[in-house]
Amino acid sequence: MNGREMPVTVDVASLLAVENVSLSFGGVKALSDVSFDIRRGEIRAIIGPNGAGKTSMLNCINGFYHPTQGSITFNGERRRRMRPSAAAAGGIARTFQNVALFKGMSTLDNIMTGRSLKMHSGFFWQLLRHGPALKEETAHRRVVEDIIDFLEIQHIRRIPVGKLPYGLQKRVELGRALAMEPQLLLLDEPMAGMNLEEKEDMSRFILDVNQHFGTTIALIEHDMGVVMDLSDRVVVLEYGRKIADGTPQEVKRDERVVAAYLGLAHEGDQA
Amino acid sequence: MNMLYSIFVEPFVLMGSAPDLLIQTLWEGLVAGVLYALIALGFVLIFKASGVFNFAQGIMVVFAALTLVGFHEMGVPALLALILTIGVMFVLAVAVERVVLRPLVNQPDAILLMATFGLTYFLIGFGELIFGGSPKQMITRELYLPQGSTDLDLLGGLVRFQHIDIAAAVIASLIIAILAVFFSKTRIGRALRAVADSHKAALSVGISLGQIWVIVWFAAGIVALVAGIMWGARSDVSFALQIVALKALPVLILGGLTSIPGAIVGGLIIGVSEKLGEFYWGSLVGGGIETWLAYIIALLFLLYRPQGLFGDKIIERI
Ligand SMILES: Nc1ncnc2c1ncn2[C@@H]1O[C@H](COP(=O)(O)OP(=O)(O)O)[C@@H](O)[C@H]1O
Ligand SMILES: [Mg+2]
């Protein structure tokens, strides 16, 4: 990381700048020369047909994948390779397309793991559950209880999450990401597989997080109505390339986007 | 007819008519069972957190005991030797993480299993090189472990309790209890269960897999050391101990690879059935039941409940 040579092109308002990122798996090009930025405080949607490279993009941002080319600048620090733990420590939290929770653990414990990086008490105090460890555990429990109240999941606090319906699991996963108090929250299809009411709840939570806590959000979502309602700006990917970038209104009128989504409608996919 | 009588009737008549002998046998079975449970626990910890079937767990028991006795033979006072051995188990955990797990992460399970074969032969070779291959005496007295025995008058007969067995049962139970609290109530324990459930989710909240792996391998090393001391005190310390350590295998089949309660209950069941089998039915087949009964029980279990008593993962065929 060479923080000294800060790129001039990066807008100070940008929390994240993706520059010319390409990513391939063997012969498959998941991303080709993609550039866009995410401004502080905005909700930035990433849309596109299945296999367009949206999830791969998030994986690059939080360090799961390392771009074959290009760079990612987060908070003024430019990186080519970043480890997931460094991304988490830097304030990037995420949820997964196919919920990745700790299935054997309760809702409470799942969300508590989001506090991992903020807890520091030593091994032996923890074992004794005494002194600093107990105080620390209590303080973090309070934050977690607030998140549980915010997400209206008090009634499932003690239930192992593997037993919960899918919609609630997605909510717990959001809670775990919020517990990290992230600067940038990456949401990978948070409403996939939800019914209308659950979608409305989730939309409300996402807006609240953005407005009340000022959290910057990158949102992958297929439901165009949701995207239009929630996002400030939209990036459109197709076959690993960026084909459009702008406000929801601009993007909706873009010919290539319309074409991409018409093609998709033929395959019978939702969106 | 006579055969059926001696299988199905005589042993139970004997149990009823001499309950003191039954208690004696049960007690010995329980002590062996607790130690089996301890060894199996080492396996379960490592399997849960890193998905590695650690073939070397048995040899770690021998290696830990050998290191302890070896240090003492070099003139190191017993308690200091104990601390040094704990240090060696920590270094081993760090080395395994650096040299084996980190480079091989995301490789197929079979490759990681092979790596633990490698670790097994490394530990045997290294242990023999440094401490020699001949059997050694466990430094029981020097570690202030009790010796001798107490005879209790129970149900019309004397039942003998070896003090070292009592100590083994108490210490093993204590370790199991500490581990249970550790895993359910602390941040590191939570992180450990998280890693066991989903690597990518654990990484996304900033949990370091490397740190967790070092912790579980160290915990497994400590558990191996305790098992080695206790078993060594009952026989002696040599590579023959790994036969005992291999009993963890049937225990795991019974208990499930991923279940800590399973390891405990499985250990007790195997320990008790072995001793009962040997004492009441052993003479029918000329003795030696103890060496194979556990595997027969495990085999039967595999047929009817391949995921184990509490386990949630079916053991894959390799
Ligand atoms: N780990 C991987 N290994 C191989 N190919 C991958 C991997 N991850 C993604 N891909 C490929 O990259 C392309 C983009 O996938 P993805 O990012 O999941 O798309 P989206 O989220 O937009 O549906 C697909 O062709 C997919 O098969
Ligand atoms: Mg995707």
Side-chain angles (χ1 to χ4, degrees), chain A residues 58-59 62-64 83-106 108-130 133-134 136-137 140 160-162 172-173 176-180 182 186 188, chain B residues 44-45 47-49 86 90 93 97 102 105-106 174-216 218-219 222 256-262 307 310-313:
Chain A
L58 290 200
N59 283 339
N62 96 310
F64 277 169
R83 286 183 300 118
S85 54
I92 300 177
R94 70 171 292 174
T95 64
F96 295 85
Q97 185 171 344
N98 310 302
V99 180
L101 282 168
F102 309 122
K103 295 216 176 336
M105 292 160 54
S106 67
L108 197 64
D109 276 347
N110 265 277
I111 301 181
M112 276 300 274
T113 60
R115 306 297 292 174
S116 296
L117 282 171
K118 300 191 186 304
M119 298 172 76
H120 304 287
S121 70
F123 195 80
F124 288 101
W125 283 120
Q126 286 187 50
L127 203 55
L128 297 174
R129 289 180 63 59
H130 235 41
L134 191 61
E136 188 179 53
E137 184 89 10
H140 289 283
V161 295
V172 175
E173 205 190 18
R176 183 181 65 198
L178 290 179
M180 296 169 70
L186 313 172
D188 198 344
Chain B
V44 170
L45 285 180
F47 188 81
K48 270 177 90 90
I86 292 174
F90 183 70
E97 196 271 320
R102 200 181 290 183
V105 66
N106 293 332
L174 213 64
I175 293 236
I176 290 168
I178 289 174
L179 284 176
V181 171
F182 185 61
F183 287 122
S184 59
K185 305 280 185 198
T186 66
R187 166 176 59 93
I188 294 179
R190 210 158 34 223
L192 216 142
R193 285 183 292 147
V195 169
D197 265 0
S198 165
H199 280 190
K200 68 174 180 181
L203 282 172
S204 81
V205 293
I207 292 170
S208 148
L209 292 186
Q211 191 192 18
I212 295 300
W213 287 339
V214 169
I215 291 172
V216 285
F218 181 48
I222 296 296
L257 273 176
T258 53
S259 167
I260 289 177
Q307 71 274 41
F310 308 93
D312 47 19
K313 197 160 199 162

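When reading the values below, keep in mind they use all heavy atoms of this one structure, side chains included, and skip hydrogens, waters and symmetry mates. Here is how names work: the chains are called A, B, and so on, in the same order as the sequence lines, proteins then strands, and each is numbered from 1.
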Show the atom names and distances, to 0.1 Å, of all donor-acceptor pairs under 3.5 Å that link a side chain in residues 195-203 of chain B to residues at least two apart or in another chain.
unit_1	atom_1	unit_2	atom_2	d
D197(B)	OD2	K103(A)	N	2.7
D197(B)	OD2	G104(A)	N	2.9
S198(B)	OG	A201(B)	N	3.1

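Taking R190(B) as the reference, M105(A), D109(A), M112(A), T113(A), M119(A), E137(A), R187(B), R193(B) meet the side chain to side chain contact (heavy atoms under 4.5 Å, CB included) condition, with sequence neighbours excluded.
In the displayed structure, F64(A) atom CZ is contacted under 6.0 Å by more than 12 heavy atoms of other residues, nucleotides or ligands.
Both the backbone and the side chain of S204(B) come within contact range of chain A, each with at least one heavy atom under 4.5 Å from a heavy atom of that chain. Residue contact with chain A, scored on non-hydrogen atoms closer than 4.5 Å, is absent for A191(B). Looking at L186(A), neither its backbone nor its side chain comes within 4.5 Å of chain B, counting heavy atoms on both sides.
Taken from CD1 in I207(B) to CZ in F102(A), the straight-line distance is 5.0 Å, to the nearest 0.5 Å.
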